[in-house]
Amino acid sequence: MVILSKQNSFFNGVPLIDLSKPDSKNLIVNACEEFGFFKVISHDVPMEFISKLESEAIKFFSSPLSEKLKAGPADPFGYGNKQIGTNGDFGWVEHILVSTNSEFNYQKFASILGVNPENIRAAVNDYVSAVKKMSCDILEMLAEGLNIHPTNVFSKLLMDENSDSVFRLNHYPPCSEIEGLNDNNNNNNLIGFGEHTDPQIISILRSNNTSGLQILLKDGHWISVPPDEHSFFVNVGDSLQVMTNGRFKSVKHRVLANSVKSRLSMIYFGGPPLSEKIAPLPSLMEGEDSSLYKEFTWFEYKKSAYKTRLADNRLIHFEKIAAS
Ligand SMILES: C=C1C[C@]23C[C@@]1(O)CC[C@H]2[C@@]12CC[C@H](O)[C@@](C)(C(=O)O1)[C@H]2[C@@H]3C(=O)O
Ligand SMILES: O=C(O)CCC(=O)C(=O)O
Ligand SMILES: [Fe+2]
């Protein structure tokens with residue numbers, strides 16, 4: 001029996017994983033089951049990579065809107081302003097979305113920044129490579145914690161040369177008008193990025209020290225995640241929910257805009273190759289036929305996901321109807 005030490009394993013209500021500690025694999029499993037979310041410290045992503053990318057992003061987002069729009073529209077890759085996806089979702093946010101594998105047209109960004117496209121490409125590549133390595137370490141610890149062999153069942157999907165992973169930079173400008181907005185609970189809330197789950201396997205988020213991120217708990221309450229520029233935050237995505245046959249739940253999260261400070265976040269979304277079948281791992285099913293989900297590939301899931309609104313439950317179309 002595994003006895004989990006709860007001591008020092010929470011940070012303001014959010015599970016805290018110290019990657020240097022030997023018991024972290026069990027704590028990660030616990031966090032994925034209870035929250036679908038956790039904070040990571042003692043990682044080995046160099047601060048130099050984070051700062052370099054952050055300064056390139058600040059330069060880009062500080063450019064005149066007319067210049068930034070030249071790197072859009074986000075279809076889904078490129079620059080987007082207030083628009084999230086193409087199905088009618090909006091937020092107080094501007095963003096850049098790039099594919100981590102295909103040759104993205106960095107020239108578009110570079111001409112705006114007036115820099116060599118190699119600089120921005122190198123900043124994204126250095127950062128993404130380090131964060132991808134950390135994602136794989138976490139996924140391998142997860143597999144070990146679940147007693148799955150080989151332990152690279154999840155990480156090999158991110159390591160595959162055809163892995164369909166994406167990287168996103170979000171900038172939430174401060175909004176002074178929030179003070180005038182009131183919801184029924186007397187809160188001043190302006191949505192930066194509306195509630196949703198991430199479709200991929202795992203998402204790794206790093207932000208500056210501006211608050212805004214919230215996660216939905218199993219009991220239906222939203223909690224604010226205190227920002228920490230030196231740490232990373234990990235989300236279970238829909239695909240990991242399916243691969244664990246619902247044992248882990250993809251976490252609903254959202255971002256509220258801030259009235260005084262701007263928030264800058266960078267998120268790596270680790271996804272499988274398009275042709276990969278997304279199905280529960282046999283060792284996590286009670287019997288051969290106990291999958292909660294119909295068979296589908298990541299391509300089929302993505303195609304369907306891109307037709308949905310942000311807050312929709314995208315997995316519902318792939319769930320088996322329970323026999324009565
Ligand atoms: C409204 C949408 C934006 C999104 C594609 C979608 O149709 C539904 C999923 C959204 C999401 C959420 C997590 C990531 O930010 C994202 C890049 C992704 O893979 O799924 C976005 C999509 C997007 O902005 O293109
Ligand atoms: O910007 C953030 O802090 C979170 C954004 C997010 O959840 C996303 O881009 O999917
Ligand atoms: Fe998200």
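Note that ligands are numbered from 1 as they come in the structure, with each ligand's atoms numbered from 1 the same way. As the structure is a prediction and not an experimental result, all values here were calculated from the model.
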> Can E56 and K59 be counted as an ion pair, charged N to O under 4.0 angstrom?
Replying inline: yes

>> Heavy atoms only, cut-off 4.0 Å: how does L205 contact ligand 2, side chain, backbone, both, or neither?
In response: side chain

>> With heavy-atom distances below 4.0 Å as the criterion, list the atoms of ligand 1 near D89.
In response: 1 (C)

>> Distance under 4.0 Å to a non-hydrogen atom of N87: what atoms of ligand 1 satisfy this?
In response: 7 (O)

> If you measure from each non-hydrogen atom of H95 to ligand 2, which part falls under 4.0 Å: side chain, backbone, both or neither?
Replying inline: neither

> What residue and heavy atom of the protein are closest to atom 10 (O) of ligand 2, and at what distance?
Replying inline: H196 NE2, 3.1 Å

>> Regarding atom 2 (C) of ligand 1: of the candidates A74, G85, G194, P76, which has the closest heavy atom?
In response: G85

> Which of the numbered atoms in ligand 1 are below 4.0 angstrom from a heavy atom of D198?
Replying inline: 13 (C)

> Starting from atom 11 (C) of ligand 1, which protein heavy atom do you reach first, and at what distance in Å?
Replying inline: P199 CD, 4.4 Å

>> With a 6.0 Å cut-off (strictly less than), is the heavy-atom count around CD of E48, excluding the residue itself, greater than 12?
In response: no

>> Over 60° means perpendicular and under 30° means parallel, so tell me whether F232 and Y127 are parallel, tilted or perpendicular.
In response: tilted

>> Over 60° means perpendicular and under 30° means parallel, so tell me whether F60 and Y79 are parallel, tilted or perpendicular.
In response: perpendicular

>> Which residue and atom name correspond to the protein heavy atom nearest atom 10 (C) of ligand 1, and how close is it?
In response: L310 CD1, 3.9 Å

>> What protein heavy atom lies closest to atom 19 (O) of ligand 1? Include the residue and the distance to one decimal.
In response: Q200 NE2, 2.9 Å

> In the protein, which heavy atom is nearest to atom 7 (O) of ligand 1, and how far is it?
Replying inline: T308 O, 3.1 Å

>> Heavy-atom distances under 4.0 Å decide this one: backbone, side chain, both or neither, for D198 against ligand 2?
In response: side chain

>> Heavy atoms only, cut-off 4.0 Å: how does D312 contact ligand 1, side chain, backbone, both, or neither?
In response: neither

> Just by distance, with hydrogens left out, do D198 and S203 show a side-chain donor and acceptor under 3.5 Å apart?
Replying inline: yes

>> For H171 and H95: C-alpha separation, side-chain torsions, deciding distance, then whether ring pair (Phe, Tyr, Trp, His ring centres under 6.0 Å) applies.
In response: CA-CA 6 Å; H171 173 233; H95 79 274; over 10 Å; no

> Shortest non-hydrogen contact from N208 to R263?
Replying inline: OD1-CA, 3.6 Å

> Should the proximity of R314 to ligand 1, defined as any heavy atom under 4.0 Å, be assigned to the side chain, the backbone, both, or neither?
Replying inline: side chain

>> What protein heavy atom lies closest to atom 15 (O) of ligand 1? Include the residue and the distance to one decimal.
In response: R168 NH1, 3.0 Å

> Which residue and non-hydrogen atom of the protein lie closest to atom 22 (C) of ligand 1, and at what distance in Å?
Replying inline: Y306 OH, 3.7 Å

> So, T151 and E144: side-chain donor and acceptor under 3.5 Å apart, yes or no?
Replying inline: no

> To the nearest 0.1 Å, how far is atom 3 (O) of ligand 2 from its closest protein heavy atom, and which atom is that?
Replying inline: R263 NH2, 2.6 Å

>> I need the nearest protein heavy-atom contact for atom 5 (C) of ligand 2: residue, atom name and distance, please.
In response: N170 ND2, 3.3 Å

>> If we count only N and O atoms by modelled type, under 3.5 Å, do the side chains of H43 and D137 hold a donor and an acceptor together?
In response: no

> Which part of H196 is near ligand 1, with near meaning a heavy atom under 4.0 Å away: side chain, backbone, both or neither?
Replying inline: side chain

>> Quick check for you: to the nearest 0.5 Å, what is the distance between I201 atom CD1 and F154 atom CZ?
In response: 8.5 Å

